Amino acid sequence: MLLVGSAVTVQSTAPAAAAETTLRAAAAKAGLFFGVAASPNRLYSIVGQEFNQLTPENDMKPDRIATSSGGLQNTSGADTLVNHAQSNNMVVRGHTLVWHSQAGALQGASQATLNTFIGNAINRWGSKIAYWDVVNEALEDNNTGRRRNQWPHTMNRDANGDGDYFDAGDTDVIRDSFIRAKQVVQAGGLTTKLCINDYDVEGLTVQGGGQNRKANALYDIVRTYRQYIDCVGFQSHFNDNPNSIITNDLQANIQRFADLGVEVHLSEVDIDDDLSNNDIGTGQAENYRKVVRACLNVAKCTGITVWGISDSESWRSSERGLLFTGGNGSYQKKSAYYAVLDELNKGRGSTPPTTTPPPTTPPVTPTVPPTTPPVDPTTVPPTTPPVTTAPPTTPPNPTTGCSATVSLNSWTGGFVATVRVTAGTSPISGWSVQLTLPSGAAVTNAWNANTSGASGTVRFSNVNYNGSVNAGQYTEFGFQGTGAATGLTPVCTAS
């Protein structure tokens, strides 16, 4: 098919023998959902045929449904989408409760008013909503790693400036909104899972190899408030912005969040044709393959959602970033569609084992009535992936001290290592792991550990929340590096 006004020819050859012929069927067989963002006037038959998850593109945003007091209005569009999803056996993602943009009547609202809206919205649809984006785009642009301050008051945890992040004088809209949402879910006995969603958080690094500070900030939020957060959305609006490219460490970053025990979703996917030199044939298809494969290779990456059906109907139509051309219910599949279908039909890949996730609905014991945020957030510990009693591998079994094993995920020019520290027959209160990297390899980023050195002999030690490991149990940390890492032999010392 030749696009009018363009010299680009779209390749439209299906794989020779796909096990499944629709995205939803192939995704379901691989153990995840493949969804689409839609509006009530675009509920064409293709929505139910190709997708098994639906996100309201605009009809659940506060500017559509919220009143200034936190009540609900104009819910007919959202109701239509939810009913359509139920009729077509699709799960729904509610989008979104707390957002600095499209806030409508809630702009500048107090936390108490936000809490009222959160309760009303969650209860309106109950368990018909499988996932809610509770907080959306809370972090600044341009890879600063800082929180936004537009909504509804400062997002700085130390709001009163006294240097204590967790006292009664502080306000944290992220924490307090999730606490309220969790209270509502538990009080109603709902199955709804609670997500945080953001963009430019997809890779461990950005263009040029620098750290993705925005991704690290999101990771810290999820780790700190893990008992309230069930899922993370990487929006995945990939384009040629230095912070928005598809990096080779996408899978490693998905794995890092998955190791916290949360589900990870690629929640708003579109891939700008600039990333394939304006080729919406094979070039764009290969980019989609990379992204879908990164998700499939991580067990807790449980869903992918494209942000619209066709290029012409996209919010970024000139970037031609979706899986179909055409419009108004008449769509043609692009090469990217067939690439995605092919990858889904290949199924899950094998990845290094991860720790058993903590419960997705830990108890919340509010210290104040549910309509206001808790005044003593010291009950929110910074949590980490729990240690488990049965690691899938069989590391050495020392009688005392600790042992360590390394799993590698490598690509040309780089790698991510996951290191498992296992206690011996006695509990340990701290640990350090020493590794000697091959010539030319260097550490660029690490998580769940303090680091000393970047090349040659490198030492990693526990941070304050993962030093204590019971006898026979384990914890994990990870690091990213450049070069090639082979033959790593970790030496573990316990304290």
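These numbers come from a predicted model, not from an experiment.
- A donor-acceptor pair shorter than 3.5 Å cannot be found between the side chains of Glu202 and Ser244.
- If you check the side chains of Glu137 and His100, you find no donor sitting under 3.5 Å from an acceptor.
- When all heavy atoms are compared, the tightest approach of Tyr228 to Lys182 is O-CE, 3.4 Å.
- The number of heavy-atom neighbours closer than 6.0 Å to CG of Asn41, taken from other residues, nucleotides and ligands shown, is above 12.
- By the salt bridge (Lys or Arg N to Asp or Glu O under 4.0 Å) test, Arg289 pairs with Glu286, Asp342, Glu343, sequence neighbours left out.
- Checking Arg148, Arg147, Lys214 one by one against Asp198, the salt bridge (charged side-chain N to carboxylate O under 4.0 Å, His left out) holds for a single residue, Lys214.
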Pair Asp259-Arg256, salt bridge (Lys or Arg N to Asp or Glu O under 4.0 Å): steps then yes or no: CA-CA 5 Å; Asp259 287 345; Arg256 172 172 69 146; over 6 Å; no

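- Between Asp311 and Leu322, the closest heavy-atom pair is OD1-N, 2.8 Å.
- If you check the side chains of Asn216 and Gln211, you find a donor sitting under 3.5 Å from an acceptor.
- Using bins of under 30°, 30° to 60° and over 60° for the plane-to-plane angle, the ring pair His265/Tyr131 lands in the perpendicular bin.
- Asp133 pairs by the side chain to side chain donor-acceptor pair (under 3.5 Å) definition with Arg93, His95, not counting sequence neighbours.
- A side-chain N or O of Tyr331 and one of Glu313 form a donor-acceptor pair less than 3.5 Å apart.
- Taking Lys128 as the reference, nothing meets the salt bridge (Lys or Arg N to Asp or Glu O under 4.0 Å) condition, with sequence neighbours excluded.
- Thr305 and Gln53 share a donor-acceptor pair across their side chains, judged by distance under 3.5 Å alone.
- Between the side chains of Ser276 and Asn287, no donor-acceptor pair of N or O atoms lies under 3.5 Å.
- Looking at residues two or more places apart in sequence or on another chain, you find a salt bridge (Lys or Arg N to Asp or Glu O under 4.0 Å) between Arg124 and Asp79.
- With sequence neighbours left out, the ring-ring contact (aromatic ring centres under 6.0 Å, His included) criterion links Phe238 to no other residue.
- Under the 3.5 Å distance criterion, with hydrogens and angles disregarded, no donor-acceptor pair is assigned to the side chains of Asn115 and Gln183.
- For Phe257, the ring-ring contact (aromatic ring centres under 6.0 Å, His included) test picks out Tyr219, Phe234, with sequence neighbours left out.
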